[in-house]
Amino acid sequence: MDVTELLESASLLVPEEVATENDITVRDVWDYLAHDEWQIALSLLEELGDGQPLPLTFWEQLAKAAEQLGLERSATWCHWRCSEIRNGMIRADLTLRPVTETRRKTPIAGHGVLRPMWDIGNLSPTGSAAVSIAGLWVEGMPILEPGGRATVRLVPLTPAHWTHVEAGQLINMHEDRTVAGTAVVLEIHPPATAMLTR
């Protein structure tokens with residue numbers, strides 16, 4: 001499919017009553033598509049997708065369209081959203097340890113590059129703490145400095161390890177044996193297996 005077909009197909013998956021904070025609807029997307037304003041249409045569809053859970057196919061089509069348009073950041077975000085649907089997503093308020101208290105001396109990239117270990121209360125067969133890996137996306141910021149604080153989105157590598165995690169729980173981020181940051185869980189969205197149907 002070409003970009004227009006991908007965007008048109010994705011827009012058909014957005015319910016007509018869905019609107020952004022600025023009252024943008026799928027009708028506005030169609031207006032931009034009619035004038036070959038693909039990048040704007042893509043951005044609006046991403047925004048509409050943030051307001052309501054949409055099927056995996058929606059995000060896959062947006063990722064392909066972004067790739068064809070050469071919009072790397074949008075493509076990365078859409079692929080990330082596909083991972084959230086497949087593996088679930090945990091939103092948390094993360095505070096990184098300052099430079100003086102941790103090995104990390106550089107900022108964390110905010111676009112899903114880092115996949116740290118998390119102490120979420122699981123135990124190994126010997127009774128010691130067992131960590132679980134989750135990708136990390138920093139909301140609204142390109143980087144997070146040591147000592148900084150931000151809302152983050154976590155995508156578990158093994159969703160079954162995270163089923164006991166609940167809102168309000170304190171979890172620790174590790175990049176080595178020391179605690180690199182502490183997060184308070186805000187929301188949990190389990191894998192949306194029902195939404196995987198195409």
Side-chain angles (χ1 to χ4, degrees), residues 1 3 5-15 18 20 26 29 41-69 71-94 108-122 130-142 144 150-167 169 171-175 181 183-198:
M1 282 195 257
V3 171
E5 292 170 328
L6 288 165
L7 294 174
E8 287 174 354
S9 180
S11 69
L12 292 172
L13 297 171
V14 180
V18 173
T20 67
V26 74
V29 172
L42 174 65
S43 294
L44 293 178
L45 285 168
E46 286 178 23
E47 203 173 328
L48 287 165
D50 288 341
Q52 173 169 331
L54 292 171
L56 178 62
T57 305
F58 172 83
W59 292 104
E60 288 174 335
Q61 289 170 340
L62 291 189
K64 288 177 189 171
E67 288 167 355
Q68 288 184 26
L69 291 168
L71 303 172
E72 186 178 328
R73 171 95 162 103
S74 283
T76 302
W77 173 242
C78 294
H79 284 298
W80 178 269
R81 291 303 302 267
C82 290
S83 296
E84 288 184 354
I85 292 169
R86 287 186 195 103
N87 292 20
M89 184 268 291
I90 293 92
R91 285 183 78 236
D93 181 12
L94 172 65
I108 289 175
H111 307 123
V113 176
L114 188 67
R115 286 169 172 58
M117 299 169 286
W118 296 88
D119 179 353
I120 55 175
N122 291 333
V131 292
S132 297
I133 297 171
L136 184 145
W137 188 286
V138 181
E139 290 186 355
M141 300 167 65
L144 182 58
T151 300
V152 296
R153 301 167 82 96
L154 307 177
V155 170
L157 182 65
T158 309
H161 291 184
W162 294 73
T163 55
H164 69 284
V165 174
E166 52 191 40
Q169 184 174 343
I171 59 176
N172 289 322
M173 183 181 107
H174 292 265
E175 293 185 89
V184 177
V185 175
L186 303 172
E187 299 173 36
I188 297 119
H189 299 272
T193 52
M195 297 179 72
L196 295 177
T197 313
R198 296 179 186 212

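- How far CD of Glu175 is from CE of Met117: 8.0 Å, rounded to the nearest 0.5 Å.
- Atom-to-atom distance recorded for Thr76:OG1 and His111:NE2 is 8.5 Å, nearest 0.5 angstrom.
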Can you give the donor-acceptor pairs under 3.5 Å from side chains of residues 184-192 to other protein atoms, not counting sequence neighbours?
from, atom 1, to, atom 2, distance (Å)
Glu187, OE1, His189, NE2, 2.7
Glu187, OE2, Arg91, NH1, 2.6

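- Within the 4.5 Å cutoff, side-chain heavy atoms of Leu54 are placed close to those of Pro15.
- Here the straight-line distance linking atom CG of Leu44 with atom OG1 of Thr20 works out to 7.5 Å at 0.5 Å rounding.
- Under the 3.5 Å distance criterion, the side-chain polar atoms of Asn87 are left unmatched by any main-chain donor or acceptor of Pro159.
- With respect to the salt-bridge test (charged N to carboxylate O, under 4.0 angstrom), the residues Arg81 and Glu84 qualify.
- For Val18 against Gln52, the heavy-atom pair with the smallest separation is CG2-OE1, 2.8 Å.
- Listed for the Asn122 side chain is no donor-acceptor partner under 3.5 Å among the backbone atoms of Ser132.
- The structure places CD of Gln61 at 6.0 Å from CG of Leu13, a figure rounded to the nearest 0.5 Å.
- Across every non-hydrogen atom of Ala134 and Trp162, the tightest pair is CB-CZ2, 3.6 Å.
- Minimum interatomic distance between Val155 and Trp80 (heavy atoms only, all atoms of both residues): CG2-CZ2, 3.4 Å.
- The CG atom of Leu71 lies 11.5 Å from the CG atom of Leu62; values are rounded to the nearest 0.5 Å.
- Shown here for Trp77 and Glu46, the closest heavy-atom pair between the two residues is CD1-OE1, 3.8 Å.
- Gln169 contributes a side-chain N or O that, together with a main-chain N or O of Ile120, makes up a donor-acceptor pair within less than 3.5 Å.
- Atom CH2 in Trp118 sits 8.5 Å away from atom CG in Asn172 (nearest 0.5 Å).
- Ile171 has its side chain within reach of Leu154: a pair of non-hydrogen atoms, C-beta onward, lies under 4.5 Å apart.
- Pro156 and Ile90 make their closest contact through CG-CD1, 3.6 Å (heavy atoms, listed as atom of the first residue, atom of the second, distance).
- Between the side chain of Gln68 and the backbone N or O of Met1, at least one donor-acceptor pair lies under 3.5 Å.
- Across Gly49 and Phe58, no two heavy atoms sit closer than the pair CA-CE2, 3.9 Å.
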